Amino acid sequence: MAEKLSADEKLKLMRHSMAHVMAEAVLEMFPTAQIAIGPAIDNGFYYDFELPRQLVAEDLETVTEKMKEIIKSDRTFVRTEVSREEAREKFKDQKYKLELLDSIPEDETVTLYSQGIFTDLCRGPHVESTKQLRTDSFKLMSIAGAYWRGKETNPMLTRIYATAWENKKDLRLYIEKLADIEKRDHRRLGKELDLFSMHEEAGPGLVYWHPKGARIRQVIEDFWRSEHYKNGYEMVYTPHVGKSWLWETSGHLDFYHDGMYPPMVMDKADYYAKPMNCPFHIMIYNNSKHSYKELPFRWAELGTVYRYEKAGALHGLLRVRGFTQDDAHLFVTPEQMDEEILKVLKFSLKMLHSFGFQEIKAYLSTRPEKAVGELAKWDAATEALRKAIEAEGLDYDVDEGGGAFYGPKIDLKIKDAIGRQWQLSTVQFDFNLPERFNMTFTDRDGLEKRPYMIHRALLGSIERFFGVLLEHYAGAFPAWLAPEQVKIIPVGDNCFDYCKELEDKLRMEDFRVSADVSSDHMKVKIKNAQKDKVPYMLVVGEKEMESGEFSVRLRTGKQQQWGDYDAFVKKLHSIVNSHQIEL
RNA sequence: GCCAGAAUAGCUCAGGGGUAGAGCAACUCUCUCGUAAAGAGUAGGUCGUCGGUUCGAUUCCGACUUUUGGCUCCA
C-alpha cells in the first residue's frame, strides 16, 4: 500500500472494500447466507449471495444502515496468508468460497482479508480501514439475479448492485447522469415523439413505425441507398421466407436452430422466416456462372430478418425479434480483397460520420480455436482487415480468437453524445457459406475458384441504429433527419391563409413543414413545436406579412434573422444538404 | 429461458375488500393573441388476461401475457 495509486485505482480499491462491508452487513442480517463473489465494477460494486429468503426494497435500506455502522466503527482490513487447509476450515460452511478456493492455482498464495468479524477469501488489496470509506458517497441500487459464475446451468444467486464514488458530489453527479440517460431513453422518446410502438396483442419484439418515425427511417434509408449506388453497390430484393433446403445447406438449421422462428408448413415443405439474408444473395450469385472479370459483386439489401430472441433479452428497439439489416455481401477474387476491404471500411466511416458520430473505434477479431477454412485464407483475410484499419489510422483493439468460426471480422463502435459505446458496423469474412453452397468463379487460368465472401452491415440494423440515434440526439434530430423541419406559427387567424401558402411553398421545396392553424394560442403552438423538437419555427404575423422577412426561432430558444423567404430557403437547403448537426 | 419488480383513462401517476381519481392530451364553447401552458364545460376506465378465496375482488392468492432491472444469449 506504500506506492502511490492513481485516482482510478484508489476508487477501485475503495469499491472493492465496500463490497466486503456490504457482505458483512448482509451476513449480519442473514447469518446463514452463502457469499459468492463481490468485485468492483465500472460505477461501483456488487456482491452475490445465496439468501434464506427473497430480498425486498426495504432490505436495501437495512443493509445500507448496517454498512454505515460498519464504516463508522473504523475496522481495520487485515490481510493474512493461510494454507489451503486453514482456508478450507475457515470457509467450511461457505460452499461457494470452497469452490473458489479449489480454483486458485496451486502455486498461488491464498490470502484472507478480515474487517471486524467478517473474513473473505480475497486477493486484495483493500483500504487500510473502513474509516477510509465514506458513508455518504455510495448507494445500493438494485437487486438482481445472477447465475453462479455466470453459467446458465448453475444456481441463481441474489446480486446487490451498488454505486460508489470518492465523495458525495461525484455520487450526485452519477445519479444526475442516470437521470439524463433516462430522459434520452429511446423507448421514452419514441412514445413522447410518437415515433414507434410495440404491441402486447401483436407480439413482443416487433416494431410498429408511426408516421414520424417512418419519416426519419425513410430519410436514413434514402441516404443509405444513394450512398450505396455512389459506392458501386447494386440493390437486390429477396424473399422473407425460404424452404428448409436453404437453411440446411447454409447450416443455420444446425447451428442456430434455437434462434429461428419455427417453420411454416406449406405443400409438404417447411418454410422458415429468414434469420439472415446471405443464403438468398448466394442464390442470386449461383444463378449463373461467373468470370473473374465480373467480380467484385457488391450486393446490398435492407433485408428484414426474424430471429427468436429470448423473452428476457428483448429491449426496446435495441433488441427485437424482427429487424432490418442494412446488409450487403461482397464477392471478390483474392486479388481484389485488400482494396475491397479498405473501400468498405472507408464507406463505413463515411456513413457513421454523416450521422454525427465522430469518435469511432475498431475491434479486430481473429481466428478462434474451432474454425472452418484454410489457415492461409484466414491469415490473408485477417491481414487485409488489419491493413485497412491501419491505413485509416483507426484506434483499434484485437480480440485474439474472438472471430466467428467462419471468418475474421472488424466491428466498429461509435461513442455517443454522453460517451456510451455502441457497436454499429461489422465487416465479416465468411469461409463457410461459399463452401456449403459451392460458389465458384472462373479465373483467368480457366480454373474454377472460390470467391471470398464478405458480409457487412454499416448501421447494423435499422431499428437498433434508430434507437441509438434517438438516444444520441436525445430526440432533437439535426434538420436533415428531423421528421418535421419547420413549423409555421401564425400569430393570429388573420395570417392563417398566408401561413398555409407559405407551408405549400416550403413543401414544394422538399422541406418537411406544417403550419399550425389550430385554435390554440400562439404560445401554446410554440410550446407544442418545442415539445416535438421541431428545429425551426417561423412565427408569422402582420409584421412578417408586410416585410416578407422572417425571424426564425430555433428549438434551442434562440432567435435568428435569416432574411427574406428566398434567403430562408437557401439557408435551410444548405443546412439540410450538408447534414449539418447544429441548427 | 432464469431471478426480482411492475401493469389503474391516450400519456404521467394517485388510490385502495363495498365496482375509481388528478394533471396533461382529446372534444365543445368563449378569447384572436408577438416567441414554452387563456378561461369554462364535456366525454373518457371490464383497474393487463384467466382462475381461486370472499356475501362482495380493481384491491388478497395463483397462473398466463406484456414490461422494467439484472443473469444468460446475440449467426
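Every chain is numbered from 1, with letters handed out A, B, ... down the list of sequences. Note that the structure is a prediction, hence the values are computed from the model and not measured.
- Within 6.0 Å of atom CZ in A/R215, 12 or fewer heavy atoms from other residues, nucleotides or ligands are found, so the atom counts as exposed in its surroundings.
- Applying the 6.0 Å contact sphere to NZ of A/K139 captures no more than 12 heavy atoms from other residues, nucleotides or ligands.
- An OP1 or OP2 oxygen of B/rC74 is reached within less than 4.0 angstrom by no side-chain nitrogen or oxygen of A/H315.
- When the salt bridge (charged side-chain N to carboxylate O under 4.0 Å, His left out) test is applied to A/K533, no partner is found at least two apart in sequence or on another chain.
- By the salt bridge (charged side-chain N to carboxylate O under 4.0 Å, His left out) test, A/K415 is found to be paired with A/E359, residues two or more places apart in sequence or in another chain being considered.
- In this view, A/Y308 satisfies the ring pair (Phe, Tyr, Trp, His ring centres under 6.0 Å) rule with no residue, not counting sequence neighbours.
- Under the rule for a ring pair (Phe, Tyr, Trp, His ring centres under 6.0 Å), the partners of A/F297 that lie at least two apart in sequence or sit in another chain are A/Y285, A/H290, A/W299.
- With no hydrogens or angles considered, no side-chain donor-acceptor pair links A/Y174 and A/R172 at under 3.5 Å.
- Comparing A/E309 and A/N528 along RNA chain B, the residue whose closest nucleotide (by nearest heavy atom) sits nearer the 5' end is A/N528.
- Using a 4.0 Å cutoff on non-hydrogen atoms, the parts of residues 183-212 of chain A near RNA chain B are A/R187, A/K191, A/E200, A/P204, ordered by number.
- Residues A/F405 and A/F255 place their aromatic rings such that the two centres sit under 6.0 Å apart.
- A distance of 6.0 Å or more separates the ring centres of A/Y47 and A/F45.
- Counting non-hydrogen atoms under 4.0 angstrom, A/Y161 reaches the backbone sugars and phosphates but no base.
- Scored by the side-chain contact (heavy atoms from CB on, under 4.5 Å) test, A/A36 finds A/D48, A/Y96, A/W148, A/L157 as partners (sequence neighbours excluded).
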Close N or O pairs between protein and nucleotides 1-3 of chain B (under 3.5 Å):
residue, atom, partner, partner atom, Å
B/rG1, N7, A/G312, N, 3.3
B/rG1, N2, A/Y147, OH, 2.3
B/rC2, O4', A/Y147, OH, 3.4
B/rC3, O2, A/G145, N, 3.2

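- With 3.5 Å as the limit, one finds a donor-acceptor pair spanning the side chains of A/K487 and A/S514.
- In this structure, NZ in A/K525 is found 10.0 Å from CG in A/N528, a value given to the nearest 0.5 Å.
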Item checked: Annotated protein contacts, base or backbone, on nucleotides 30-37 of chain B with a non-hydrogen cut-off under 4.0 Å, one of B, S, - each -> -BBBBBBB
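- A/W247 has its ring centre no less than 6.0 Å from the ring centre of A/F437.
- Only the C1' atoms considered, B/rA57 is 14 Å distant from B/rG62, to the nearest whole Å.
- Listed by chain and residue number, nothing satisfies the salt bridge (charged side-chain N to carboxylate O under 4.0 Å, His left out) test with A/R367 (two or more places apart in sequence, or in another chain).
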Filtered N/O pairs between nucleotides 39-41 of chain B and protein, under 3.5 Å:
none

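- No hydrogens or angles were tested; on distance alone, nothing pairs the side chain of A/R307 with the base of B/rC74 as donor and acceptor under 3.5 Å.
- Ring orientation note: the planes of A/Y306 and A/H240 are tilted relative to one another, at an angle of 30° to 60°.
- RNA chain B is contacted by A/P275, A/M276 of residues 271-284 of chain A, taking any non-hydrogen atom closer than 4.0 Å.
- No more than 12 heavy atoms of other residues, nucleotides or ligands shown are found within 6.0 angstrom of CE on A/M283.
- Here, B/rU58 and B/rG18 have their C1' atoms 12 Å apart, quoted to the whole Å.
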Next item on the list: Can you run through RNA chain B from 5' to 3' and write each base as (, ), [, ], | or . depending on how it pairs? Watson-Crick or G-U wobble, both distances under 3.5 Å.
Entry: (((((((..((((....[..)))).(((((.......))))).....(((((..]....))))))))))))....
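- Under 3.5 Å, the side chains of A/E50 and A/T158 contain no donor-acceptor pair of N or O atoms.
- When side chains are defined from C-beta on, A/L412 does not count as touching A/L424, because their heavy atoms never get closer than 4.5 Å.
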